[in-house]
Amino acid sequence: MRLSFKLRWPMPFCLGLGLTLFSLPSLAEDAGTLYNTPYDVAQGERYFERQCSRCHGFDAKGNDETGAPDLTGRLNRASTDTGIFNIVRNGVPGTAMLPVDANLPDAQVWQVVAYIGSLRYDPSLVDLPGDADAGVAVFRGKGDCDSCHMVNGRGGRLGPDLSRVGENNRPEELLDALVDPHDDVAPRWWTLRITGADGVTREGFRMGEDSFSVRIMDNDTNLWHFPKNDIQDMERIEQSTMPSYDGTLSEGELDDLVAYLFTLRREDN
Ligand code: HEC
Ligand code: HEC
């Protein structure tokens, strides 16, 4: 499977060697740009893996179980590097997001910020082979994607809402989702096949579960509720209900879909 696109990374801010740490600008914004070299990014990544990945994941894409959000797209609580610095330094009060060790030097916090910054990239700098308008047509037409997926309030509910899927996914990840959907399916989209007290087997997405009951939603978006005592048999299917489009759509159509999906991001972006 081929996907070619060019990426131009912004040049790291470079400083003359004459400027040393002793003349650090006092403004936090300026300090951030000091610790933004590839070396700093690598140091930040090492720290992240040790201290942050257990909640946010090794790929920083977040984790449903810990409630730690995806850090690779637009963040909810910060839109500037200084904002991210403050979150990492001070934590988010009242949540599992704790401050870093008070003795950690600012320089190291900035390296973590530089690492987080390196995970996002400017979509306008990405040059994709596909055509987004043609992609919409495939999405609603031949691909029939909207029977399962909603975009901006239009479409089905049998898959995740894709209105902002371009924010947190790189083009190659979007293509992967289309050709290899069974890879890494989130528990929310696992299928449960349950045989209840009436002996009838029903299958659907796991909508909720507690000590006493399980709820699923079937393909016709009916909700079914099973008291655990009544369940005769339950099977968990960790594969995606989405088919692979490798082969059923042409490379050109896949490129067009990727180009379209990549444009899907919050309106005010
Ligand atoms: C114990 C779990 C945990 C650890 C460890 C953790 N975080 Fe978090 N983090 C969270 C949670 C939960 C939130 C969401 C807080 C909220 O806004 O409700 C969060 C939020 C954030 C945010 C704000 C995201 C946004 O969308 O605004 C950033 C940035 C962040 N964490 C970075 C880090 C970094 C860097 C580290 C390591 C130094 C780290 N976190 C370690 C759980 C964790
Ligand atoms: C039968 C329902 C169904 C159809 C049809 C379908 N999908 Fe999906 N799709 C899903 C489900 C369920 C998931 C979540 C599980 C997974 O990751 O595969 C998903 C996941 C995705 C993801 C990953 C989303 C994310 O947040 O990472 C993308 C992108 C996607 N689909 C695009 C498409 C496109 C484009 C089409 C049409 C060519 C399509 N889907 C057709 C059900 C469907």
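Numbering of ligands and ligand atoms starts at 1, following listing order. What you see is a predicted model, and the numbers here were worked out from it, not measured in a lab.
Using a 4.0 Å cut-off between charged nitrogen and carboxylate oxygen, D210 and K228 do not count as a salt-bridge pair. Under the 4.0 Å criterion applied to side-chain N and carboxylate O atoms, R265 and E167 are not assigned as salt-bridge partners.
The shortest non-hydrogen separation linking I87 to A78 is CD1-CB, 3.8 Å. Closest heavy-atom contact between S244 and V179: OG-O, 2.8 Å.
With values rounded to the nearest 0.5 angstrom, D233 atom CG is found 4.5 Å from T195 atom OG1. Here the CD atom belonging to Q43 is positioned 12.5 Å from the OH atom belonging to Y35, to the nearest 0.5 angstrom.
Screening R215, R206, M217 against L192 for a side chain to side chain contact (heavy atoms under 4.5 Å, CB included) leaves a single residue, R206.
Residue contacts with ligand 2: P181 is placed with a nitrogen or oxygen under 3.5 Å of a nitrogen or oxygen of the ligand (distance criterion only). Considering both main-chain and side-chain atoms, S240 comes within under 3.5 Å of ligand 2 through a nitrogen or oxygen pair.
When non-hydrogen atoms are compared, ligand 2 lies under 4.0 Å from neither the backbone nor the side chain of V138. With a 4.0 Å heavy-atom cut-off, ligand 2 is reached by the side chain of H149 but not by its N, CA, C or O. At a heavy-atom cutoff of 4.0 Å, ligand 2 is contacted by the side chain of L178 but not by its backbone.
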Requested in this report: Decide yes or no on side chain to side chain contact (heavy atoms under 4.5 Å, CB included) for I194 and R202, but give the supporting numbers first.
Outcome: CA-CA 5 Å; I194 302 179; R202 296 197 167 83; 5.7 Å; no
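For ligand 2, the atoms sitting less than 4.0 Å from at least one non-hydrogen atom of T241 are 1 (C), 12 (C), numbered in the order shown with element in parentheses. Heavy-atom contacts of A177 reach the following atoms of ligand 2: 22 (C), 23 (C), 28 (C), 29 (C) (cutoff under 4.0 Å). Those atoms of ligand 2 that come under 4.0 Å of a heavy atom in L158, given as number and element, are 12 (C), 42 (C). Residue contact check: L257 has heavy atoms under 4.0 Å from atoms 38 (C) of ligand 2.
Checked by atom type, the side-chain pair D40/W110 shows no donor-acceptor distance below 3.5 Å.
Near ligand 1, heavy-atom contacts under 4.0 Å come from Y47, Q51, C52, R54, C55, H56, G67, A68, P69, L71, L75, N76, R77, I87, V88, T95, A96, M97, V100, V112, I116.
Atom CZ of R188 is surrounded by more than 12 heavy atoms from other residues, nucleotides or ligands within 6.0 Å.
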